[in-house]
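No hydrogens, no waters, no symmetry mates; every other heavy atom, side chains included, goes into these values.
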Amino acid sequence: MRHLARLIRSASLSGYVELVQSLGRDPHAFLRAVGLRARFLEDAETLIPRDAVRELLEITARATRTDDLALRLAARRRLSNLGPISLVLREEATPRDALDTLCRYLRLVNPSMTMGVEDVDSLVIIREDLLPTPGVPMRQSVELAVATVFCMLRELIGPHWRPMDVCFTHRPPADIAAHRAFFGRRVNFNQEFNGLVCMAADLAQAREPGDPAVAGFARKYLQAAMRDRGESVQEACRQLMLVLLPGGTCSAQEIARHMRVDRRTLHRRLEAEGLSFSVLLDRVRVNLVESHLRDGDLPLSEVAELLGFARLSSFSHWFQHRFGCSASQWSRRPADVGAGQGMARPGRSGARAPAGRRPVR
């Protein structure tokens, strides 16, 4: 079975060639280094390897010393880069309706991404997560995902719109001026989620209707595409695990409920794909903890909570059993030493960026 969550539309690299050329470097050399070719980017709907795109963004950012590479790439985007779904999004009554529609059809846009929209009093919290790739940093990919949603909302609401907060789980770059300039707000790093915090009133603004007939045709196309696109049970479970783990509700029973099957059916379908629920959950936790320890500076107690552990002692026991060392020891390993299924990161500097507001735990 083809794992569609490992493929994404080449539109994710729209504007990449031109951006790298503007930085005085050869984009084709970077593309070849990860097994891609510029011709793959000619058709926005061509599916290309997700991991190659992630690696490409990271090596390009390092080689060009451009920490805000993803933001520069997002700035070149328009709503139309999302493909046929953009026709539907433009015709939704409010930006909030557009967000809900994007969530509904998200796997047609980026099957490796999960998005949750939550109302908290007068705020709307947009959480974005990417299915992790063991050993591959995802800083640029995460920032591109958040920046793309920001640009989409600004196009729907107005060019002067800004969110209340911008949050990233990874640590800040040496200079955050470019991030502040892009989002027009102080950007919070080392947070508990990736995404945006918006005023509910901003997302409730009524929009001028355009051509509903065009949107109707696009919606039929999207519905047909959703029916045709097969998805393995394990990929569906991975996405739900990412959403449910931070809240401590990631059980087989809860996953089955979200998938509208009973628990026995869920276990049977996973077994048919050669996996058990506990093994899959363990793999998701391994990938998540490597990402948190490699790219961020959250206290271990908060990392444990985000992985769904009720107590730090339970997390510590699991980590010792899985990695053969403590989380603190793993974090201090040199960058070229592997750990678990991924790669270790350099030791922490010991300093944390200002935490800023944390509206959601």
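Here the side chain of E58 pairs a donor or acceptor atom with the backbone of Q140 at under 3.5 angstrom. Looking at S331, its side chain does come within 3.5 Å of a backbone N or O of A327 through a donor-acceptor pair. T66 places no side-chain N or O within 3.5 Å of a backbone atom of L69 that could act as its donor or acceptor partner. At least one donor-acceptor pair closer than 3.5 Å links the side chain of R9 to the backbone N or O of N81. Between the side chain of S10 and the main chain of D43, a donor-acceptor pair closer than 3.5 Å is present. Distance alone, capped at 3.5 Å, places no donor-acceptor pair between the D121 side chain and the L123 backbone. A distance-only check finds no donor-acceptor pair linking the side chain of R6 to the backbone of P49 [under 3.5 Å]. Checked by atom type and distance alone, the side chain of R162 never pairs as donor or acceptor with a backbone atom of R185 at under 3.5 Å. Of the possible donor and acceptor atoms, none in the side chain of D68 sits under 3.5 Å from a partner among the backbone N and O of H179.
The shortest non-hydrogen separation linking C151 to A74 is SG-O, 3.7 Å. The shortest non-hydrogen separation linking A33 to I59 is CB-CD1, 4.2 Å. The two residues L203 and T94 make their nearest non-hydrogen contact at O-CB, 3.5 Å. Closest heavy-atom contact between L73 and L57: CD2-CD2, 4.0 Å. Nearest heavy atom pair, residue M138 against residue T133, reads SD-N, 3.9 Å. Closest approach of F193 to V197, counting heavy atoms only: CZ-CG2, 4.0 Å.
Atom CZ of R207 has more than 12 neighbouring heavy atoms from other residues, nucleotides or ligands inside a 6.0 Å radius. Counting heavy-atom neighbours within 6.0 Å of R76 CZ, excluding the residue itself, gives a total above 12. For H317, the NE2 atom sits in a loose shell: 12 or fewer heavy atoms of surrounding residues, nucleotides or ligands are nearer than 6.0 Å.
Donor-acceptor pairing under 3.5 Å is recorded for the side chains of H170 and E143. T249 and E254 share no side-chain donor-acceptor pair at under 3.5 Å. A donor-acceptor contact closer than 3.5 angstrom is absent between the side chains of T64 and R25. For S326 and S328, the side-chain atoms include no donor-acceptor pair closer than 3.5 Å.
At a threshold of 4.0 Å, the pair R96-D100 counts as salt-bridged, since one of the basic side-chain nitrogens sits closer than that to a carboxylate oxygen.
A cation-pi arrangement is absent between R285 and F315, since the terminal nitrogen or guanidinium carbon is not both under 6.0 Å from the aromatic centre and inside a 45° cone about the axis.
At least one side-chain heavy atom of V284 sits less than 4.5 Å from a side-chain heavy atom of L242. Looking at C237 and L281, their side chains never come closer than 4.5 Å, going by heavy atoms from C-beta outward. Side chains of V146 and L196 form a contact here, defined as non-hydrogen atoms less than 4.5 Å apart. Here the side chains of R50 and L7 are not in contact, with every heavy-atom distance at 4.5 Å or above. When side chains are defined from C-beta on, I126 counts as touching C198, because their heavy atoms get closer than 4.5 Å. Residues L130 and R54 are in side-chain contact: their nearest non-hydrogen atoms beyond the backbone lie under 4.5 Å apart. Counting heavy atoms from C-beta outward, L306 and L245 have side chains that stay 4.5 Å or more apart. Proximity of R263 to F277: side-chain heavy atoms (C-beta onward) are nowhere separated by under 4.5 Å.
Using cut-offs of 30° and 60° on the angle between ring planes, the pair W330 and F319 is perpendicular. By the 30° and 60° cut-offs, the orientation of the rings of F182 relative to F150 is tilted.
Between R72 atom CZ and D67 atom CG the span is 9.5 Å, to the nearest 0.5 Å. To the nearest 0.5 Å, atom CD of residue E91 and atom OG1 of residue T101 are 11.5 Å apart. With values rounded to the nearest 0.5 angstrom, Q234 atom CD is found 7.5 Å from R283 atom CZ. Taken from CD1 in I125 to CD in E118, the straight-line distance is 5.0 Å, to the nearest 0.5 Å. Put simply, CG on L244 and OG1 on T114 are 10.0 Å apart, with the number rounded to the nearest 0.5 Å. In this structure, the separation between CZ on R186 and CG on D165 is 7.0 Å, given to the nearest 0.5 Å.
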Please step through side chain to side chain contact (heavy atoms under 4.5 Å, CB included) for the pair F30 and L36, ending with a clear verdict. CA-CA 9 Å; F30 293 134; L36 296 177; over 6 Å; no
Kindly determine whether D202 and M164 satisfy side chain to side chain contact (heavy atoms under 4.5 Å, CB included), including the steps that lead there. CA-CA 10 Å; D202 291 343; M164 292 293 294; over 6 Å; no
Given L13 and F40, is the side chain to side chain contact (heavy atoms under 4.5 Å, CB included) satisfied, shown in steps? CA-CA 10 Å; L13 292 176; F40 296 164; over 6 Å; no
List the steps and the verdict of side chain to side chain contact (heavy atoms under 4.5 Å, CB included) for M152 and L102. CA-CA 10 Å; M152 179 197 84; L102 179 60; 3.8 Å; yes
As a quick check of understanding, evaluate salt bridge (charged side-chain N to carboxylate O under 4.0 Å, His left out) for R171 and D297, giving each step before the final call. CA-CA 6 Å; R171 64 179 61 86; D297 292 306; 3.1 Å; yes
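Checking V261, L270, L275, I255 one by one against V233, the side-chain contact (heavy atoms from CB on, under 4.5 Å) holds for a single residue, L270.
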